[in-house]
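Dropping the structure in here first, questions after.
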There are 2 protein chains.
Amino acid sequence: MFYLYRVKTTQNIKIAVDAVVFGYDTSNGLSLLLIRRKFDPYQGSWALPGGFVLDAESLEEAVTRELKEETGVHINYLEQLYTFGSPKRDPRQRIVSVSYFAIVRESAHQEPEATTDASDAAWFNVTELPNLAFDHQTIVNTAIERLRSKVRYNPVGFELLDTKFPFSDLEKLYSSLLDRPVDRRNFKKKIMSLGILDELNEKAPHKGAGRPGRLYRFNRKRYDELVRDGFHFEL
Amino acid sequence: MFYLYRVKTTQNIKIAVDAVVFGYDTSNGLSLLLIRRKFDPYQGSWALPGGFVLDAESLEEAVTRELKEETGVHINYLEQLYTFGSPKRDPRQRIVSVSYFAIVRESAHQEPEATTDASDAAWFNVTELPNLAFDHQTIVNTAIERLRSKVRYNPVGFELLDTKFPFSDLEKLYSSLLDRPVDRRNFKKKIMSLGILDELNEKAPHKGAGRPGRLYRFNRKRYDELVRDGFHFEL
DNA sequence: TATAAATTGTGTTTTTATTACGCATAATAT
DNA sequence: ATATTATGCGTAATAAAAACACAATTTATA
């Protein structure tokens, strides 16, 4: 391919992408998908999945490609998080990393495959993370903060749950992410008043004792319509 | 300098930074600092100030350096906005741009200097922007959206005003950014109840008719203390 | 198979926050 | 002087959030 003009810089910086992939289940809480590094530096350490951006692909394409190559998981949510570019964040050379925030739904929370690029990939509870390579702990902290603040005004929380869920699961999710007790009755009143959940004529499969709850589903179409008309919520 | 390990990629991507610099004054509203491009591509077009990142500087250092070189203005607020990386956003070659969001306070809203890097630099009202080079209009839109949503829960709005301001200026700022009428009395009650403004024993200099208002000042120290204790607000 | 334990479903009252609105005060403009 | 413009302060009506109690449905177990 030909370019009309030359870019006049002798810059020696590489650009990479990294993904903070969240999973969630009601009993174990929030978890994170990590890979074990096969090569130096930080060989054997756990790290975020990611890698270098190819010349012809977009940043989003780079993240999804790397995730597929390194972990094989299917993500259902992706957004850009922050770009980390301190000159010394990689010991090899200057690497600027565009980090992404991703979610794998509870039902799709299958075991990750180990592939050629990473010697191992596994889920870790966010409260029990191992030491991470590079500045990846900082990236993870930024992502957790983003998730915690974003669920308060955006339905991103529904991406963590199965498409059909009993109300108590939603309540536990918010109680855990907001890190405060949630009154079941007031919470349900508030959420239902938003008009973005469909009440299904199905009951949750029994798990242990107690009355099984009715199932609900997030109605994204309805949500998007409301947003177009200026709707927004705060929890 | 020596590196222990080689980075195995033949990536041909350059990394740049761009800044969306906001100014504001009560009579003219929100304005934006643009530069006129001296070289192709888009020679003569207006564009965001910015440029390539040097190997040894951080991204923030790159932005402030470029702003100084190209416009000479002194900014009092800077935060990362978003990273734009579509393969075709620059006709010369692949360039990933980390964009920043910056503010120049009303009092420091001096005329920008034209310098060597840019043939011209000027303030434009956000409602009367010229055609912009590259994907800079998209970046500007993202920044305006960020500003509009952020003033609702963050004191970033005070960065736009002079350090001492009459309450009516704050009211006009919010009314303009939130794009809705604001009841003077309720707005003042709400803001004062937050406890983050100091009421000064000074009156605003007279501008035209009407009773001059008392001056107020944002107390950042107090705000930071409150935030440490879990404080947050919504307007 | 009766009873305890666990969990969901629904409603009312109290408290707090928001919105709507009126009138006096202090300055400039004519 | 008097009209005009803008600030300062307060109260009533309305809406939202928080606090709180008991019935219904299921599994566990005595």
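Values below: every heavy atom of this structure, side chains too, minus hydrogens, waters and symmetry copies.
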Below 4.0 Å: OP1/OP2 of dT8(C) and any side-chain N or O of Ser168(A):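 For dT8(C), OP1/OP2 do have a side-chain N/O of Ser168(A) under 4.0 Å.
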Toward the 5' end of DNA chain D, by each residue's nearest nucleotide, Asn186(B) or Lys172(B):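 Checking each residue's closest nucleotide, the 5'-ward one belongs to Lys172(B).
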Gap between atoms CZ and P, on Arg214(A) and dT25(D) respectively (whole Å):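 The distance from CZ of Arg214(A) to P of dT25(D) comes to 13 Å, rounded to the nearest Å.
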Test: Glu225(B) and Arg222(B) ion pair at under 4.0 Å: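 So Glu225(B) pairs with Arg222(B) through a salt bridge.
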Separation of atom CZ in Arg184(A) from atom P in dC22(D), rounded to whole Å: 14 Å
Distance flag, aromatic centroids of Phe22(A) and Tyr24(A), threshold under 6.0 Å: no
OP1 or OP2 of dA17(D) under 4.0 Å from side-chain N/O of Lys190(A):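 Yes, because at least one side-chain N or O of Lys190(A) sits under 4.0 Å from OP1 or OP2 of dA17(D).
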N or O in side chain of His206(A) less than 4.0 angstrom from dT27(D) OP1/OP2: yes
Any Lys188(B) side-chain nitrogen or oxygen under 4.0 Å from OP1 or OP2 of dG8(D):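 The answer is yes; a side-chain N or O of Lys188(B) sits under 4.0 Å from OP1 or OP2.
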Distance in angstrom units between Glu234(B) CD and dT16(C) P, rounded: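 The distance from CD of Glu234(B) to P of dT16(C) comes to 21 Å, rounded to the nearest Å.
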Sugar-phosphate only, base, or nothing, as touched by Lys207(A) at under 4.0 Å among non-hydrogen atoms: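 No contact.
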Asn201(B) CG - dG8(D) C1' separation (whole Å): 15 Å
Aromatic ring pairing Tyr174(B)/Phe187(B), orientation class (parallel under 30°, perpendicular over 60°, tilted between):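 Correct class here is tilted.
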Salt-bridge criterion met for Asp162(A) and Lys164(A) (N-O under 4.0 Å):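 Salt bridge absent between Asp162(A) and Lys164(A).
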Tyr153(B)-Phe233(B) aromatic ring centre distance below 6.0 Å: no
Nucleotide dT8(C), atom C1' - distance to CG of Leu200(A) in whole Å: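 Checked: the CG to C1' distance equals 16 Å.
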Check: Arg211(B) side chain, dG8(D) base, donor-acceptor under 3.5 Å: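 Side chain to base: no pair present.
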Proximity to the side chain of Ala209(A) - top-ranked nucleotide from dA6(C), dC22(D), dT7(D):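 The nucleotide sitting nearest to the side chain is dA6(C).
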Side-chain donor/acceptor contact of Arg185(A) with base of dA21(D) under 3.5 Å: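 When only heavy-atom distances are counted, Arg185(A) does reach the base of dA21(D) through a donor-acceptor pair under 3.5 Å.
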Whole angstrom value for the distance that separates P of dA17(C) from CZ of Phe233(B):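 Taking CZ of Phe233(B) and P of dA17(C), I get 16 Å after rounding.
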Lys189(A) side chain near dA17(D) phosphate (N/O to OP1/OP2, under 4.0 Å): no
Nucleotide nearest Lys203(A) when distance is taken to its side chain, options dT7(D), dT26(D), dA27(C): dT26(D)
Protein-nucleotide distance (Phe187(B), atom CZ; dT18(C), atom C1'), rounded to Å: 14 Å
Separation of dT8(C) P from Asp183(A) CG (nearest whole Å): 14 Å
